Amino acid sequence: MRIRPLIIAAGLLLPLAAAHPAAAATTVYEAEDATLSAASVATNHTGYTGTGFVDYDNAAGGYVQWNVSSAAAGPATLTFRYANGKTTARPMDIAVNGATVATGVSFAGTGTWDTWADKSVSVTLKAGANTVRATGTGADGGPNVDKLTVVSQDGGGGTGPAVPFGSHQFAYASGTLRPTGSQATLDQKVIDYYTKWKSAFIRQNCGNGWYQVISPDADHPYVAEAQGYGMVVVATMAGADPNAKTIFDGMVKWMLAHPSVHNPNLLAAEQDASCKSVDGSDSATDGDLDVALGLLLADRQWGSSGTYNYKDLAVKHINAIKANEVNPTTHLMLLGDWSTAGDSLYYVSRSSDWMIDHFRAFKKATGDSAWDTIRTAHQNLITSQQANYASSTGLLADFVINTNTTPKPASGKVLEDANDGKYWWNACRDPWRIGADAVTSGDSASLASARKINTWVKSKTGGNANSIGVGYSLSGSQISSGSEPAFFAPFAVTAMTDPGSQAWLDALWTKMVNTSFSSNDYYSASIQLQVMILASGNYWLP
């Protein structure tokens with residue numbers, strides 16, 4: 001039997017993507033999510049979209065500034081939806097990337113403040129991240145602005161991403177916190193980190209049009225977990241990364257070329273430096289869960305009529321997970337498709353594989369009610385493990401044994417090392433995974449589990465993010481000193497669930513943005529990147 005090792009990785013720059021015919025991509029950016037100066041979010045007039053509109057102060061110089069992504073450099077049309085209840089026009093200057101491109105654009109009266117109209121300006125955008133600023137120039141300031149619609153080139157010969165990074169089309173549960181600061185600033189911090197992560201870990205090795213995430217701090221250069229992370233991240237960053245679809249398709253090609261020997265619709269867990277599957281060519285559950293979600297994200301972003309039918313591949317992957325990586329008796333995740341009835345690890349489950357939000361997405365994609373049963377089984381196990389074995393901390397063990405009788409934390413080594421029954425290098429991801437469901441679904445069980453962890457760690461550290469150690473017993477005793485993003489970053493997601501944890505969330509965010517990584521830090525850097533995507537409000541489920 002192959003024992004999947006703990007991973008933790010690195011390096012080489014990507015070539016430029018091949019040119020494609022340009023096609024139109026339409027993206028909507030709400031004004032209330034933009035950076036504001038001498039302006040504020042309001043809701044006192046009807047007919048707006050999103051959660052409100054922006055009301056300029058009655059003075060010249062106030063502005064609304066959006067972060068806008070374009071998949072390719074070229075012409076674009078900016079359309080501002082606005083209302084002006086006065087009879088006189090309210091002019092604005094429009095600037096792109098700091099340069100004024102249209103002066104004194106007239107935003108004429110619309111009759112009432114509840115009547116909305118559109119005003120369009122033609123501009124040129126650069127590939128990647130852009131800023132668009134609308135500045136009121138008259139003494140009365142600008143009009144009320146509801147949203148900005150950008151029609152630009154997607155650079156990929158098809159429609160652009162339906163959910164470009166930074167568009168914030170999916171609201172989190174009511175009361176969810178985000179780090180303090182403008183939305184544009186939060187988004188840019190994520191883009192900056194992603195750019196460094198991509199340079200360090202995304203490769204195009206071994207030819208064949210493959211793209212893959214390299215993991216030098218694992219026991220093999222390529223592992224399924226890394227590919228799953230990469231597919232979710234790249235699909236989510238579409239719009240900010242003009243090459244996202246090209247990279248994603250290369251990852252799909254890699255996935256299809258490295259099937260598990262037990263089910264060809266699953267991904268083999270490990271590949272060597274020659275890109276050949278090794279150690280039995282069987283699967284690892286966590287990698288497959290993220291691969292399936294990544295395919296669903298891609299279907300939503302780009303549709304499934306191109307080179308790959310993402311939706312069909314996703315459904316096949318989801319069904320294969322259910323058939324080969326879910327214990328049919330307990331409805332809990334197995335460690336991989338190599339674990340079968342009679343195997344000594346058949347009733348062992350890894351807590352970091354309990355991805356509740358993924359199970360919700362799988363149910364939606366397939367209509368298969370089995371995923372509700374699977375989700376509930378995992379939520380019940382999380383709740384009972386917290387109550388019975390970590391009542392003061394809410395922490396979960398890396399591995400839970402005896403899942404068919406009385407589930408409990410592992411006693412010593414069952415798969416990886418002597419800390420298998422503690423909060424160690426697998427379970428460190430649990431606050432992120434549990435919190436992801438809490439903030440996206442608002443589910444009461446997930447919220448309670450996340451808040452239990454948050455209450456403990458905030459108290460344990462006295463609100464000092466630098467005091468988070470590397471590993472804990474389930475009672476809260478620290479295992480090792482030092483500071484690792486794999487351990488401190490995930491707590492930011494549980495902090496988001498507690499209205500009283502703004503300062504704590506800000507401390508964790510500040511620590512993340514001020515922590516660098518090397519080309520050997522694949523594991524920690526990949527976890528932190530996904531936490532930053534989530535904490536900034538950019539995580540969504542298809």
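Along the sequence shown, residues are numbered consecutively beginning with 1. Predicted, not measured: the structure shown is a model, and the values here were computed from it.
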Heavy-atom side-chain contact between V252 and L295 under 4.5 Å:
yes
Under 6.0 Å between ring centres, would you say that holds for W254 and Y222?
yes
Shortest non-hydrogen pair, L256 vs L313, comes out as CD2-CD2, 3.9 Å
Salt bridge or not between K253 and D249? Use side-chain N to carboxylate O under 4.0 Å.
no
Parallel, tilted or perpendicular: ring planes of Y310 versus Y308, cut at 30 and 60 degrees:
tilted
Y82 side chain near K119 side chain, heavy-atom distance below 4.5 Å:
yes
Indicate yes or no: at least one non-hydrogen side-chain atom of S441 is less than 4.5 angstrom from one of D357.
no
Can you check whether V121 reaches V123 side chain to side chain, under 4.5 Å on heavy atoms?
yes
When you look at F107 and V145, which way does the side-chain contact (heavy atoms from CB on, under 4.5 Å) test go after all the steps?
CA-CA 10 Å; F107 288 79; V145 176; 5.9 Å; no
Side chains of E484 and S524: any donor to acceptor distance under 3.5 Å?
yes
When you compare the side chains of T112 and D114, does any donor N or O come within less than 3.5 Å of an acceptor on the partner?
no
Validation: residues 163-174 side-chain donor-acceptor distances under 3.5 Å, sequence neighbours left out:
unit_1: S167; atom_1: OG; unit_2: P164; atom_2: O; d: 2.7
unit_1: S167; atom_1: OG; unit_2: Q169; atom_2: NE2; d: 3.2
unit_1: H168; atom_1: ND1; unit_2: G537; atom_2: O; d: 3.1
unit_1: H168; atom_1: NE2; unit_2: G166; atom_2: O; d: 3.4
unit_1: H168; atom_1: NE2; unit_2: Q183; atom_2: NE2; d: 3.2
unit_1: H168; atom_1: NE2; unit_2: D187; atom_2: OD1; d: 3.2
unit_1: H168; atom_1: NE2; unit_2: D187; atom_2: OD2; d: 2.9
unit_1: Q169; atom_1: NE2; unit_2: A162; atom_2: O; d: 3.0
unit_1: Y172; atom_1: OH; unit_2: L534; atom_2: O; d: 2.7
unit_1: Y172; atom_1: OH; unit_2: Y539; atom_2: N; d: 3.2

For residues P431 and C428, report the shortest heavy-atom separation together with the two atoms involved.
CD-O, 3.4 Å
Does any N or O in the side chain of Q301 come within less than 3.5 Å of the main-chain N or O of A235, such that one atom is a donor and the other an acceptor?
yes
Residues 439-448 vs salt bridge (Lys or Arg N to Asp or Glu O under 4.0 Å), sequence neighbours excluded, gives R360-D443
Walk me through whether R375 and D437 qualify under salt bridge (charged side-chain N to carboxylate O under 4.0 Å, His left out).
CA-CA 11 Å; R375 173 180 57 80; D437 186 63; over 6 Å; no
Name all residues meeting the side chain to side chain donor-acceptor pair (under 3.5 Å) criterion together with E32; count only those two or more places apart in sequence or in a different chain, and write none if there are none.
T51
D368 with K363: basic N within carboxylate O range, under 4.0 Å
no
Nearest heavy-atom contact between N144 and Y56 is OD1-N, 4.4 Å
Can you check whether I356 reaches I434 side chain to side chain, under 4.5 Å on heavy atoms?
no
Is the shortest heavy-atom distance from the side chain of M237 to the side chain of V190 under 4.5 Å?
yes
Report yes if the side chains of I321 and N265 come closer than 4.5 Å at any heavy-atom pair, otherwise no.
no
According to salt bridge (charged side-chain N to carboxylate O under 4.0 Å, His left out), who are the partners of D57, at least two apart in sequence or on a separate chain?
none
Q227 side chain to M255 main-chain N or O, any donor-acceptor pair under 3.5 Å?
no
Please check if the distance between the ring centroids of F53 and W116 is under 6.0 Å.
yes
Are side-chain N/O atoms of S501 and K458 paired as donor and acceptor at under 3.5 Å?
yes
Considering all heavy atoms, the nearest T180-L186 contact:
O-CD2, 4.2 Å
Whether E30 and R81 form a salt bridge (side-chain N of Lys/Arg under 4.0 Å from carboxylate O of Asp/Glu) is what I want to check.
no
S304 (side chain) donor-acceptor with K311 (main chain) under 3.5 angstrom:
yes
Is the H378 ring parallel, tilted or perpendicular to the F359 ring (thresholds 30°, 60°)?
tilted
Could you tabulate the donor-acceptor pairs under 3.5 Å formed by side-chain atoms of residues 86-93, not counting sequence neighbours?
unit_1: R90; atom_1: NH1; unit_2: D140; atom_2: O; d: 3.0
unit_1: R90; atom_1: NH1; unit_2: G142; atom_2: O; d: 3.3
unit_1: D93; atom_1: OD1; unit_2: G104; atom_2: N; d: 2.7

Heavy atoms of G230 and W197 approach each other most closely as CA-CH2, 4.1 Å
Hey, is D312 close enough to K316 for a salt bridge, meaning N to O under 4.0 Å?
yes
Ion pair present between D290 and R433, side-chain N to carboxylate O less than 4.0 angstrom?
yes
Ignoring hydrogens, what is the shortest heavy-atom contact between A298 and F248? Give both atom names and the distance.
CB-CE2, 3.4 Å
Please check if the distance between the ring centroids of Y29 and F80 is under 6.0 Å.
no
If the condition is side chain to side chain donor-acceptor pair (under 3.5 Å), which residues does N58 pass it with, not counting sequence neighbours?
none
Spacing of CZ belonging to F488 relative to CG belonging to N466, to within rounding of 0.5 Å
8.5 Å
